[in-house]
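Letters go in sequence order (proteins before strands), and every chain restarts at 1.
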2 protein chains.
Amino acid sequence: MATIYEVSALAGVSLSSVSRVLNDHEHVSEKTKQKVMAAMEELGYRPNSVARSLASNRSNSIGVLVSELHGPFYGEMISSIEMELRKAGKHAVVTAGHSVEKSEKEGINFLIDRNCDAIIILIDSLSNEFLIELSKGSTPIVILNRLIPEIKENCFYIDNELGGYLATKHIIEQGHKELAYISGPLFKQDANERLNGHKRALNEANLKFDEELFYEGDFLTTSGRVGIDHLIKTKRKFTAAVCANDEMASGAMKGVRDHNMSIPQDCSVIGFDNVYFANYLHPELTTMNYPIKEMAKMSAQWILKNVYKRPDVFVNNKFTPELIVRDSITKI
Amino acid sequence: MATIYEVSALAGVSLSSVSRVLNDHEHVSEKTKQKVMAAMEELGYRPNSVARSLASNRSNSIGVLVSELHGPFYGEMISSIEMELRKAGKHAVVTAGHSVEKSEKEGINFLIDRNCDAIIILIDSLSNEFLIELSKGSTPIVILNRLIPEIKENCFYIDNELGGYLATKHIIEQGHKELAYISGPLFKQDANERLNGHKRALNEANLKFDEELFYEGDFLTTSGRVGIDHLIKTKRKFTAAVCANDEMASGAMKGVRDHNMSIPQDCSVIGFDNVYFANYLHPELTTMNYPIKEMAKMSAQWILKNVYKRPDVFVNNKFTPELIVRDSITKI
DNA sequence: GAACTTTTTGGAAGCGCTTCCAATTTTGAC
DNA sequence: GTCAAAATTGGAAGCGCTTCCAAAAAGTTC
């Protein structure tokens with residue numbers, strides 16, 4: 001592999017000059033630029049990114065830490081981040097935290113030790129305090145799906161409470177009065193907020209939140225199914241199941257059918273997130289859109305702007321969930 | 001950030017010694033080891049991975065190039081690779097090729113320029129010849145989902161033909177005689193092989209392959225739906241739709257329902273891949289299992305063994321698809 | 001304790017690039 | 001044509017580590 005030395009020798013200019021054309025610096029005459037480019041071409045020169053990183057103290061890599069690398073939600077997110085980054089010549093180093101605090105911390109250290117120029121984080125278990133502390137370190141971080149007031153510039157989030165509210169409001173507007181709720185794990189902030197929104201909508205309609213018709217799941221499909229079993233065992237009547245995400249909603253749909261009820265006639269279902277398979281389901285799932293792609297893209301742009309000083313882009317931190325009406329809710 | 005110099009000074013030993021304990025070399029006395037470790041601890045020393053890479057000519061990063069970073073299939077794959085790699089202290093740099101030849105080539109160059117120690121590739125458009133040529137370069141590559149005889153040691157694949165055969169055989173055994181086939185794009189090797197397997201099963205049962213009941217889709221959901229529309233327009237009768245992957249199968253299910261037919265009574269459906277949402281569908285989708293997780297893990301282990309000379313692991317290149325019977329096929 | 005062998009240590013070069021500083025050349029104004 | 005300012009170039013140090021080689025220390029054998 002040719003190095004900058006050989007280019008410099010062949011072109012008959014100094015190392016510095018080669019480096020300057022490599023980095024598109026101002027103050028290089030057209031003539032030397034041509035000579036250098038010709039030499040590079042001839043030698044098939046390719047810059048060694050590691051050497052550049054060491055000398056410039058920039059690795060051009062961005063760490064991405066998510067709960068899991070698979071699953072509909074994270075896939076879209078990573079995809080979106082990578083596209084944006086690569087356009088700018090940066091690369092994404094990905095790793096998973098598995099929703100376990102220890103593992104999440106290790107993930108962060110792993111990425112920092114990899115000399116990432118910045119880290120994008122979407123996790124559940126680490127506390128706000130930890131993240132605030134982390135943000136004081138030398139590696140910039142951006143946080144997805146969580147608003148931490150102390151570092152709100154670095155946060156990209158949706159109004160989960162509003163989402164929860166709108167979902168339930170919609171279902172109430174369809175005439176439903178007895179609602180079951182299948183929640184995400186309440187140690188997760190988003191699960192909590194969605195539940196709060198649900199309660200607010202209930203309140204507003206003068207409906208009571210029924211503890212018996214509440215089930216705390218884990219955001220995974222199976223717990224939607226189990227949730228329905230549990231709910232039905234209570235013998236309490238409900239005409240709709242409000243689910244805190246689409247995966248649980250898909251499980252709930254299965255559960256409902258296993259009890260020989262049909263959707264939406266016997267039991268309506270609403271989800272949250274609008275992951276891509278929500279409209280493969282039958283009936284197609286009514287849900288709240290979570291603009292994860294846009295948020296992911298925005299977080300990448302934030303880094304381009306703040307870490308790499310790329311030309312200004314408009315950055316928006318707060319996103320809004322939107323109702324997507326499909327077929328899983330019936331009017332009563 | 002403390003460097004190796006400071007550690008060396010504090011511990012009262014030479015740079016080389018510090019480096020040696022850092023890299024777990026033999027020939028370091030217990031005494032100096034202790035001194036060095038204590039110094040590291042005291043300084044909160046963290047090795048600079050970029051500097052290590054430059055000096056050792058190893059970046060400890062593995063490039064992963066796939067068609068898309070999202071989608072059920074690739075998600076599982078990346079997840080599996082990353083877990084295996086990270087256990088070994090290596091990291092994954094991911095990028096997408098979007099099934100476009102030019103873009104796939106760029107992806108490869110991108111990863112090579114990133115000084116990846118090896119690259120894992122799962123793409124569609126690049127030719128075998130190109131990949132053979134690439135494998136002669138200095139960056140080792142491993143190829144998923146394709147068997148290239150000339151470099152078969154570097155390939156991890158399933159027998160797609162067998163899969164296609166088994167799927168169709170199963171459906172024939174249920175009494176179906178009129179089968180429609182929704183294929184993947186035939187420029188993709190796997191799509192082709194699956195189709196061949198389908199034809200072999202047909203042949204074996206003395207059934208004729210009906211060109212009219214064939215539709216070439218693109219492996220995405222929508223084309224399953226469109227495929228069914230097309231098939232129904234032909235007015236040809238068919239009692240089952242064999243789909244070359246699960247995404248198209250889910251689209252096909254939607255299509256069938258849109259025509260007011262029920263699954264599996266009016267039309268049975270079978271998929272391929274067994275992606276995780278296959279059993280969220282209603283009815284749950286009968287499909288062929290594609291052990292992508294195992295294959296991905298194996299490819300990572302191959303790299304650990306061959307590139308990083310980790311202790312021997314058993315490496316298996318060829319995997320077998322297996323029938324997963326669920327509810328989307330009825331007996332006739 | 002001499003003569004070897006083996007283990008442990010330190011020194012120094014070098015990985016391929018960036019960047020600061022100073023030197024040189026070019027440009028422009030008069 | 002002169003002089004100052006601006007543009008362009010080259011030299012050299014340095015980024016933080018690995019690794020080769022030789023020197024020093026420790027063990028072994030007789």
Inset, instruction - Give one of base, sugar-phosphate or nothing for S17(B), where a contact means two heavy atoms less than 4.0 Å apart. - result: sugar-phosphate

Inset, instruction - Could you work out which one of dT19(C), dG16(D), dT9(C) sits closest to the side chain of A55(B)? - result: dG16(D)

Legend entry - Presence of S56(A) side-chain N/O under 4.0 Å of dC17(C) phosphate oxygens OP1/OP2: no

Inset, instruction - Calculate the interatomic distance between K33(A) atom NZ and dA7(D) atom P; express it in whole Å. - result: 16 Å

Legend entry - Face-on cation placement of K188(A) at F219(A) ring, 6.0 Å and 45° thresholds: no

Legend entry - Between dC17(C) (P) and R52(B) (CZ): distance, integer Å: 22 Å

Inset, instruction - Give a yes/no on whether any side-chain N or O of T3(A) is located under 4.0 angstrom from OP1 or OP2 of dG16(C). - result: no

Inset, instruction - Report the distance from atom CG of N60(A) to atom P of dT18(C), rounded to the nearest whole Å. - result: 11 Å

Inset, instruction - Quick one: label V28(A) by what it contacts on the DNA or RNA (base, sugar-phosphate, nothing), any heavy atom closer than 4.0 Å. - result: sugar-phosphate

Inset, instruction - Record whether the side chain of Y5(B) comes under 3.5 Å of the base of dC17(D) through a donor-acceptor pair of N or O atoms. - result: yes

Legend entry - Nearest-angstrom distance from the residue atom CG of L22(A) to P of dT19(C): 11 Å

Inset, instruction - Take the protein atom CD of E30(A) and the nucleotide atom P of dA7(D), then report the distance between them rounded to whole Å. - result: 16 Å

Inset, instruction - Using a cut-off of strictly less than 4.0 Å, decide whether S19(B) has a side-chain nitrogen or oxygen near OP1 or OP2 of dC17(D). - result: no

Legend entry - Working for salt bridge (charged side-chain N to carboxylate O under 4.0 Å, His left out), residues E294(A) and K297(A): CA-CA 5 Å; E294(A) 290 73 18; K297(A) 182 174 171 182; over 6 Å; no

Inset, instruction - Check whether any side-chain N or O of T32(A) sits under 4.0 Å from OP1 or OP2 of dT9(D), and answer yes or no. - result: yes

Inset, instruction - Check every strand shown and say whether S29(A) touches a base, only sugar-phosphate, or nothing at a heavy-atom separation below 4.0 Å. - result: sugar-phosphate

Legend entry - Heavy atoms of other groups near N316(B) CG, more than 12 under 6.0 Å: yes

Legend entry - Which residue lies more 5' along DNA chain D, comparing R20(A) with L54(A) via nearest heavy atoms: R20(A)

Legend entry - Short side-chain donor-acceptor distance under 3.5 Å, D124(B) and S67(B): yes

Inset, instruction - List the atom of W302(B), the atom of V142(B), and the distance in Å for their closest heavy-atom pair. - result: CE3-CG1, 3.6 Å

Inset, instruction - May I ask you to check whether over 12 heavy atoms, not counting those of K305(B), lie within 6.0 Å of atom NZ? - result: yes

Legend entry - S61(A) side chain to R114(A) side chain, donor-acceptor N/O pair below 3.5 angstrom: no

Legend entry - CG/N23(B): more than 12 non-hydrogen atoms of other groups inside 6.0 Å: yes

Legend entry - Spacing between L15(B) atom CG and dC15(C) atom P, to the nearest angstrom: 18 Å

Legend entry - Sugar-phosphate only, base, or nothing, as touched by V13(A) at under 4.0 Å among non-hydrogen atoms: sugar-phosphate

Inset, instruction - Ignoring backbone atoms, establish whether N23(B) has a side-chain N or O less than 4.0 Å from OP1 or OP2 of dT18(D). - result: yes

Inset, instruction - Please figure out whether A51(A) or S16(B) has its closest DNA chain C nucleotide nearer the 5' end. - result: S16(B)

Inset, instruction - Measure the angle between the two terminal helix axes of the helix from dG1(C)-dC30(D) to dC30(C)-dG1(D), five base pairs each, and quote it to 10°. - result: 20°

